[in-house]
Amino acid sequence: MKRRVWRETPISVKLLLVTSFLMNLGFYALIPYLTLYLTGSIGWTVAMAGLVLGVRQFSQQGFAFLGGVVADTFGYKGTMVLGLLIRAAGFALFAFCTAPWQFFLAAVLSGLGGSLFEPAMSAAFAVLTPDSIRKDVFAFRNVLTNVGVVGSQVVGTALAAFDFTYLSLFAGAIFAGNGLIALFLLQPIEVKHERHGIWASMALVVRDRRFVRYTLILMGYYYLNMQLFLTIPQLAQDVTHSKTAVGIVLSSVSVSVILLQMKVSQWLEGYPQRLTLIGLGTFVMGFGLFLLAFADTLWMLVADALLFALGTMIAVPHMMDMVQRFAPPEHVGAYYGFNGYSLAIGGSVGQFAGGWVYDLAQRQEMPWLPWMLCLFVGLWVAWKLYRMEQEMAQSKSDCVRMARS
């Protein structure tokens, strides 16, 4: 970040940046190794482990719209603190779980905490950051996020190799510490935007059939994205028989994003077909996952992970931008909240179904099966978004022609 921008960044925003970094450090240290713990020490199938992760994902994203309404009603700071402490309890609880229902309870608590603090923190960033430096601050936040992911692999690998209990307690302590930092150091944040009733906002979004269709298609993107937390770590361990290799593969994704995201965005800047770019990025992700079917060394795993990362770098910057292009100015928050269901449903299905197909492939001695499915999903998303882009362009052209006639 430029020195001038850093000097102009308010203290509260700097505090949020630090909190954001620490949260990613704690989250990504735990979640990928939770899968390995459940399938290894606990003896579950990959499908059952995926179901736990899916429940956590749906608990968070499925209630994120309601979490945003709570933040609008009761204030961003209080909602953030509450969510961080609930997430801390959920993560720490994993250390003491023995029965399946206990793991699912910990997953639900972890997700509900995220559904509260995630929209509240995003809104706090938007309210507290001056317009003149918002773009630079958000870019720096994205870099910090990936730096946190890289650091998390070092911590996660070390603690998981020693004892999963300490890893779980470490992740819980990170979120508890963030909650206390926000409680005692973060200034109260005034809710400035106009409020809308939850049902009125929801009805408005649901009537926008084109946006609902876009949200449904994105479920395919999140199906692929969630393999990063389930089947990719499992494959890395199956191929290399090393938890260290899992950290290397996951870190390679984050490091590539840190180094190349801005360059990739610049290369694609003059390409206006945003939906097509999202589809292209999703296809590249699917193709990178498909190549994992042939990976039998650590370096082949890393190479395929880098191709997967390239796909995310193409797709992600345009995905959130498109939401704002669909939404009326006074209902942007509702549109973002509803769009979260693509992650809630697609991510949950991706983790459970991805794990189930992985188990099936192992039993049937068809190791290519889960990765072939990923390729088909990538192709489906790319085709659907391309067709949607063409229809929108045709509709716009018809409107212009009618206006001239």
Side-chain angles (χ1 to χ4, degrees), residues 28-54 56-57 94 100 103 149-150 152-164 167-168 223-256 285-309 311 347 349-378:
Y28 290 106
L30 176 66
I31 293 300
Y33 294 97
L34 176 60
T35 300
L36 302 181
Y37 175 67
L38 292 174
T39 58
S41 301
I42 303 300
W44 286 8
T45 63
V46 181
M48 273 295 289
L51 184 59
V52 169
L53 296 186
R56 188 212 64 80
Q57 188 73 63
F94 280 121
F103 283 103
V149 173
V150 174
S152 72
Q153 300 314 307
V154 177
V155 175
T157 301
L159 291 178
F162 186 64
D163 192 320
F164 178 81
L167 176 56
S168 178
Y223 176 93
L224 300 182
N225 184 259
M226 286 301 112
Q227 304 314 309
L228 189 63
F229 307 113
L230 182 70
T231 53
I232 292 178
Q234 190 66 50
L235 178 68
Q237 177 159 286
D238 289 347
V239 168
T240 65
H241 307 289
S242 168
K243 287 186 171 66
T244 302
V246 175
I248 292 173
V249 173
L250 296 181
S251 294
S252 68
V253 174
S254 295
V255 170
S256 64
M285 291 168 63
F287 187 67
L289 291 170
F290 169 70
L291 292 179
L292 289 172
F294 310 100
D296 56 6
T297 67
L298 173 60
W299 302 115
M300 290 181 69
L301 291 167
V302 169
D304 295 343
L306 291 176
L307 188 58
F308 174 89
V349 171
Q351 291 179 106
F352 175 68
W356 181 81
V357 173
Y358 190 93
D359 286 335
L360 177 66
Q362 297 300 307
R363 291 196 302 270
Q364 301 296 325
E365 297 184 355
M366 297 187 296
W368 48 267
L369 182 61
W371 316 115
M372 179 65 78
L373 177 59
C374 288
L375 179 62
F376 282 138
V377 171

Handout entry: Any donor-acceptor N/O pair, Q227 side chain to G350 backbone, under 3.5 Å
Key = yes
Handout entry: Between CE on residue M285 and CG on residue L228, distance to nearest 0.5 Å
Key = 8.5 Å
Handout entry: Minimum heavy-atom distance between V249 and A236, given as atom pair plus value
Key = CG2-CB, 4.3 Å
Handout entry: Pairing residues for Y223 by the side chain to side chain donor-acceptor pair (under 3.5 Å) criterion, not counting sequence neighbours
Key = none
Exercise for the section: For S254 and S251, indicate whether the former's side chain and the latter's backbone hold a donor-acceptor pair under 3.5 Å. Expected result: no
Exercise for the section: Output all residues satisfying side chain to side chain contact (heavy atoms under 4.5 Å, CB included) with Q364, sequence neighbours left out; order by chain, then residue number. Expected result: L360, M366
List the atom pairs, donor and acceptor, that lie under 3.5 Å between side-chain atoms in residues 30-39 and the rest of the protein, sequence neighbours left out.
| residue | atom | partner | partner atom | Å |
| --- | --- | --- | --- | --- |
| Y33 | OH | T157 | OG1 | 2.6 |
| T35 | OG1 | F229 | O | 3.2 |
| T39 | OG1 | T35 | O | 3.0 |
| T39 | OG1 | L36 | O | 3.4 |
| T39 | OG1 | Q234 | OE1 | 3.2 |

Problem - Which atom of L369 lies closest to which atom of A361, heavy atoms considered - result: CB-CB, 4.0 Å
Practice task
Test Y28 against L250 for side-chain contact (heavy atoms from CB on, under 4.5 Å), laying out the working first.
Solution key: CA-CA 10 Å; Y28 290 106; L250 296 181; over 6 Å; no
Problem - Backbone of F164 reached by a side-chain donor or acceptor of S168 within 3.5 Å - result: no
Completion exercise
Between I232 and W371, the two heavy atoms sitting closest are N-CH2, 4.4 Å
Handout entry: Partner set under ring-ring contact (aromatic ring centres under 6.0 Å, His included) for W356, not counting sequence neighbours
Key = none
For residues 289-309, run the donor-acceptor check on the side chains, cut-off 3.5 Å, and write out each pair with its distance to 0.1 Å, sequence neighbours left out.
| residue | atom | partner | partner atom | Å |
| --- | --- | --- | --- | --- |
| T297 | OG1 | M300 | N | 3.2 |
| D304 | OD2 | L292 | N | 3.4 |

Completion exercise
Residues at least two apart in sequence or cross-chain that pass side chain to side chain donor-acceptor pair (under 3.5 Å) with S152, listed by chain then number, are none
Problem - Test ring-ring contact (aromatic ring centres under 6.0 Å, His included) applied to F94 - qualifying residues, sequence neighbours left out - result: none
Side chains of residues 46-53: which donor-acceptor partners sit under 3.5 Å, not counting sequence neighbours?
none

